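Taking it in order: structure first as structure tokens, then the write-up.
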Amino acid sequence: MNNSSVNEKEPKHIAIIMDGNGRWARNKGRPRASGHQAGFRTTRDIVEACARRRIEALTLFAFSSENWARPANEVGLLMDLFLRGLKSEVGKLHENGVRIRFIGERSAFSSKLQQEMMAAEDKTKANSGLKLAIAVNYGGRWDIVSAAKTLAKKVKEGQIDVDDINIELFSQHVSLNDVGEPDLFIRTGGEMRISNYLLWHLAYTELYFTDVLYPDFNEQELDNSIAFYSGRQRRFGKTGDQVSKTDA
Ligand code: FPP
């Protein structure tokens with residue numbers, strides 16, 4: 001739990017749902033592919049901007065477990081973009097001290113893509129800069145069920161007692177357990193939904209929704225979202241008066 005950030009005005013961990021690539025392309029009379037390519041360029045800029053701002057962690061929703069239901073050619077195109085993107089970007093991210101991790105059920109991806117993911121994680125694992133997590137074939141419910149299964153196995157094998165299971169222990173068994181919960185959640189593209197993203201982690205996260213379509217999201221928009229966060233009073237269940245006293 002990151003209750004220690006009650007007084008802190010800068011988010012340490014930002015999570016983004018990058019929505020609106022398809023509509024951005026349609027508005028311009030272009031194929032959806034061009035929207036995803038533009039979204040990829042935006043991602044590059046936002047990762048750089050977060051690293052420059054010394055944000056500690058950035059978690060991006062690149063492909064949800066529900067995205068497999070898209071037309072096969074769009075899924076193929078996204079996979080191709082991830083593969084090419086990994087190949088072209090990892091070297092530079094590494095030079096900039098970024099640590100890359102993937103969260104989600106990756107066994108559904110091609111072995112080539114799985115190898116590239118592992119190679120990127122391995123190459124960057126000792127880096128101490130921005131902790132970048134990319135959610136692929138990820139679903140918040142899957143994450144919670146996986147943690148429950150792991151804990152159930154530990155109980156069955158006698159490693160832990162049922163009564164040892166509490167929020168703290170559960171948190172250690174979901175994805176991002178070494179990064180913690182996002183302080184700020186951003187969703188572009190106008191929808192006001194969580195869409196099965198980081199369900200466990202978003203319990204106390206500040207939620208920021210913008211109509212800006214993801215390819216148009218830029219450093220200025222990132223700063224707007226950070227300014228929104230800075231203006232919020234995080235109470236974690238306390239009263240406003242209690243928190244103001246702690247802030248003083
Ligand atoms: C949502 O827009 C976007 C996606 C499902 C894919 C996200 C991928 C990228 C931004 C590019 C690659 C990023 C990485 C990290 C490699 P949408 O297609 O749902 O847009 P729509 O709602 O307007 O149709």
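Numbering of residues begins at 1 and proceeds along the displayed sequence. Since we're looking at a predicted model, the values are computed, not measured. Numbering of ligands and ligand atoms starts at 1, following listing order.
A salt bridge links Glu121 with Arg106; the closest basic N to acidic carboxylate O contact falls under 4.0 Å. Arg53 has no carboxylate O lying under 4.0 Å from a charged side-chain N of Glu48, or vice versa, which leaves the two without a salt bridge. Classification of Glu10 and Arg54 as a salt-bridged pair fails, no side-chain N sitting under 4.0 Å from a carboxylate O.
Remark: Lys149 NZ is loosely packed, at most 12 non-hydrogen atoms of other residues, nucleotides or ligands lying under 6.0 Å away.
Protein heavy atom in closest approach to atom 5 (C) of ligand 1: Asn67 OD1, 3.7 Å. Regarding atom 16 (C) of ligand 1, its nearest protein heavy-atom neighbour is Phe82 CD2, 3.4 Å. Atom 4 (C) of ligand 1 has its closest protein heavy atom at His36 CE1, 4.0 Å. Among all non-hydrogen protein atoms, the one lying nearest atom 15 (C) of ligand 1 is Thr43 CG2, 3.9 Å. From the protein, the heavy atom lying nearest to atom 7 (C) of ligand 1 is Ala62 O, 3.5 Å. The single protein non-hydrogen atom nearest to atom 10 (C) of ligand 1 is Asn21 ND2, 3.4 Å, given as residue, atom name and distance.
Donor-acceptor pairing under 3.5 Å is recorded for the side chains of Ser175 and Asp143.
Phe63 and Phe82 have perpendicular rings, their planes meeting at more than 60° on a 0 to 90° scale where under 30° would count as parallel. Between Phe61 and Tyr138, the two ring planes are perpendicular [angle over 60°; tilted spans 30° to 60°].
The ligand atoms of ligand 1 that sit less than 4.0 angstrom from a heavy atom of Gly22 are 17 (P), 18 (O), 20 (O), 21 (P), 23 (O), 24 (O). Close approach of ligand 1 to Tyr214 (heavy-atom distance below 4.0 Å) involves ligand atoms 10 (C). Taking every non-hydrogen atom of Phe40 and a distance limit under 4.0 Å, the qualifying atoms of ligand 1 come out as 11 (C), 12 (C), 16 (C).
Taking both residues in full, the closest heavy atoms of His36 and Leu81 are given as O-CD2, 3.5 Å, listed atom of the first, atom of the second, then distance. When all heavy atoms are compared, the tightest approach of Val174 to Ala147 is CG1-CB, 3.8 Å.
In the hydrophobic cluster analysis, where Ile, Leu, Val, Met, Phe, Trp and Tyr join through side-chain heavy atoms closer than 4.5 angstrom, Val212 is grouped apart from Phe40.
Not a single heavy atom of Gly189 lies less than 4.0 angstrom from ligand 1.
For Thr42, no heavy-atom contact with ligand 1 is shorter than 4.0 Å. For Phe63, no heavy-atom contact with ligand 1 is shorter than 4.0 Å. The part of Arg32 lying near ligand 1 is the side chain, judged by heavy-atom distances below 4.0 Å.
Below 3.5 Å of separation, one finds no N or O of Ile134 facing any N or O of ligand 1.
Closest heavy-atom approach to atom 18 (O) of ligand 1 among the candidates Met18, Arg70, Arg41: Arg70.
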